[in-house]
Amino acid sequence: MLVLAAVSDLQYQRLRGVVSPPFSLARAATWDVALETIRGRPVEIAVVDPMLGGARGQEVARLRLLYPSLPLILYTPMMTPELAPVLLHMGKCGISEVVLSGTEDHPDRLRDLLSAEAMHAASRRLLEQLTAALAPLPTELRWVLEDALSSPGEVQTIQQIAARARVDRGTCARWFARAGLPSAREILAAARVLYAHRLLQDPGFTIEDVAKRLGYAQAKTLQQHARKYLGLTAGEMKLSLTTDQATGRIVQGFLTPATHSSAASRS
């Protein structure tokens, strides 16, 4: 899970010392780089210093406005008179997680915060809604598939799924068939469409941003997948469907019928 670190050098070194799998860091020394990273890479949590580069919280407020689904953790210098009103403003923006450098950034505290915020990440919410549909799969394969769904741009083929599950491609394919599910490739493609739908709810993302972030070579392919799995263009699905509606359309119209069909063929 990729964590954006828009912080000072000292704070970044502190984070580097505590971050370990499943988390990894993406450094942003400026706010422009932070925005570029969020748009182009699968950032799921942002740790930000509201005072970075002489800012006074306005850049963090901008992130909240553009990307409201992105969990934010404030990592700030020691409390000062000029910081107090900034933190008050951040609280009004709905940002409540604050860590003070040197006094509250114990490694265990930082790890606990990242783990807690990971539960609010877009990929975690996606997994929660697909858990029932993936339940028929063997535990070891479900773990691999859930990990792949957390990074939908990195794993896209049954060969990659099989390699991570440490089985051959044929065994992997049989597992999906026995569970009455579509192929791993189809499930991953459908999941990427759902992930795209979630990202497009944030006003800071364009369709091209989302396509790049999810590993599509071109936005045209995302549009094709959106039509296949949701019956809508990417722009239409953003405006026409809630998160629950999009998930329900894929689970009920794509996964559930396949299960019923498979069960009927075995009876």
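In this chain, residues are counted from 1 in sequence order.
Checked by atom type and distance alone, the side chain of Arg198 pairs as donor or acceptor with a backbone atom of Leu194 at under 3.5 Å. Counting only distance, with no hydrogens or angles, the side chain of Glu36 and the backbone of Ala34 share no donor-acceptor pair below 3.5 Å. Between the Glu236 side chain and the Thr233 main chain, a donor and an acceptor come within less than 3.5 Å of each other. Of the possible polar contacts, one joining the Gln245 side chain to the Thr242 backbone as a donor-acceptor pair under 3.5 Å is found. With hydrogens and angles disregarded, no donor-acceptor distance shorter than 3.5 Å links the side chain of Glu59 to the backbone of Ala55. When atom types are taken as modelled, the side chain of His197 and the backbone of Met237 share a donor-acceptor pair closer than 3.5 angstrom. Gln11 places a side-chain N or O within 3.5 Å of a backbone atom of Ser8 that can act as its donor or acceptor partner.
Interatomic distance, Ile38 CD1 to Arg213 CZ, rounded to the nearest 0.5 Å: 8.0 Å. Residue Asp105 holds its CG atom at 3.5 Å from OH of Tyr75, rounded to the nearest 0.5 Å. Atom CG of Asp168 sits about 6.0 Å away from atom CZ of Arg174, to the nearest 0.5 Å. Between Arg185 atom CZ and Gln159 atom CD the span is 8.5 Å, to the nearest 0.5 Å. The distance from atom CG of Leu72 to atom CE of Met90, rounded to the nearest 0.5 Å, is 9.5 Å. Rounding to the nearest 0.5 Å places CG of Leu199 at 6.5 Å from OG of Ser69.
The two residues Ala190 and Ile250 come nearest to each other via the heavy atoms O-CD1, 3.6 Å. Contact detail for Gly235 and Ile207: the closest heavy-atom pair is N-CD1, 3.8 Å. When all heavy atoms of Ala6 and Trp31 are compared, the pair lying nearest together is CB-CZ3, 4.1 Å. Considering all non-hydrogen atoms of both residues, Leu4 and Ala28 come closest at CD1-CB, 3.7 Å. Of all heavy-atom pairs between Gly204 and Asp209, the closest is O-OD2, 3.6 Å. Listed here is the closest heavy atom pair of Ala196 and Leu222: CB-CD1, 3.8 Å.
Looking at Arg14 and Leu110, their side chains come closer than 4.5 Å, going by heavy atoms from C-beta outward. Considering only heavy atoms from C-beta on, Trp175 comes within 4.5 Å of Pro138 through its side chain. At least one side-chain heavy atom of Val3 sits less than 4.5 Å from a side-chain heavy atom of Leu114. Residues Leu232 and Arg227 are not in side-chain contact: their nearest non-hydrogen atoms beyond the backbone lie 4.5 Å or more apart. Leu70 is not listed as a side-chain neighbour of Leu63, based on a closest heavy-atom distance of 4.5 Å or more. Annotation: side chain of Val48 is not in contact with side chain of Ile73 (no heavy-atom distance under 4.5 Å). Contact check for Tyr67 versus Pro203: no side-chain heavy atoms found under the 4.5 Å cut-off. Contact check for Glu97 versus Leu113: side-chain heavy atoms found under the 4.5 Å cut-off.
For the side-chain contact (heavy atoms from CB on, under 4.5 Å) criterion with Leu25, the lone passing option out of Val19, Leu2, Val47 is Val19. For the pairing with Tyr229, the side-chain hydrogen bond (donor to acceptor under 3.5 Å, both in side chains) check across Glu186, Gln224, Arg249 returns one residue only, Glu186.
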**Message:** Assess the residue pair Asp202 and Leu66 against the criterion (side-chain contact (heavy atoms from CB on, under 4.5 Å)); give the C-alpha distance rounded to whole Å, side-chain angles, the decisive distance to 0.1 Å, and a yes or no.
**Reply:** CA-CA 6 Å; Asp202 285 1; Leu66 293 175; over 6 Å; no
**Request:** Decide side chain to side chain donor-acceptor pair (under 3.5 Å) for Thr247 and Asp244; before the verdict, give the C-alpha distance in whole Å, the side-chain angles of both, and the deciding distance to 0.1 Å.
**Result:** CA-CA 5 Å; Thr247 303; Asp244 287 343; 5.6 Å; no
**Message:** Checking Leu181 against Ile187 for the side-chain contact (heavy atoms from CB on, under 4.5 Å) test, could you report, in this order, the C-alpha distance in whole Å, the side-chain angles of both residues, the deciding distance, and whether it holds?
**Reply:** CA-CA 8 Å; Leu181 292 169; Ile187 290 177; 4.1 Å; yes
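In the displayed structure, Gln218 atom CD is contacted under 6.0 Å by more than 12 heavy atoms of other residues, nucleotides or ligands. The number of heavy atoms from other shown groups lying within 6.0 Å of CZ (Arg64) is above 12. The neighbour count for Arg109 CZ, taken as heavy atoms of other residues, nucleotides or ligands under 6.0 Å away, is above 12.
Salt bridge Asp108/Arg111: present, at least one basic N to carboxylate O contact under 4.0 Å. Electrostatic pairing of Arg27 and Asp9 counts as a salt bridge here, judged by a charged N lying under 4.0 Å from a carboxylate O.
Geometrically, Arg192 engages Tyr216 in a cation-pi contact, judged by NZ or CZ lying under 6.0 Å from the ring centre and within 45° of the ring axis.
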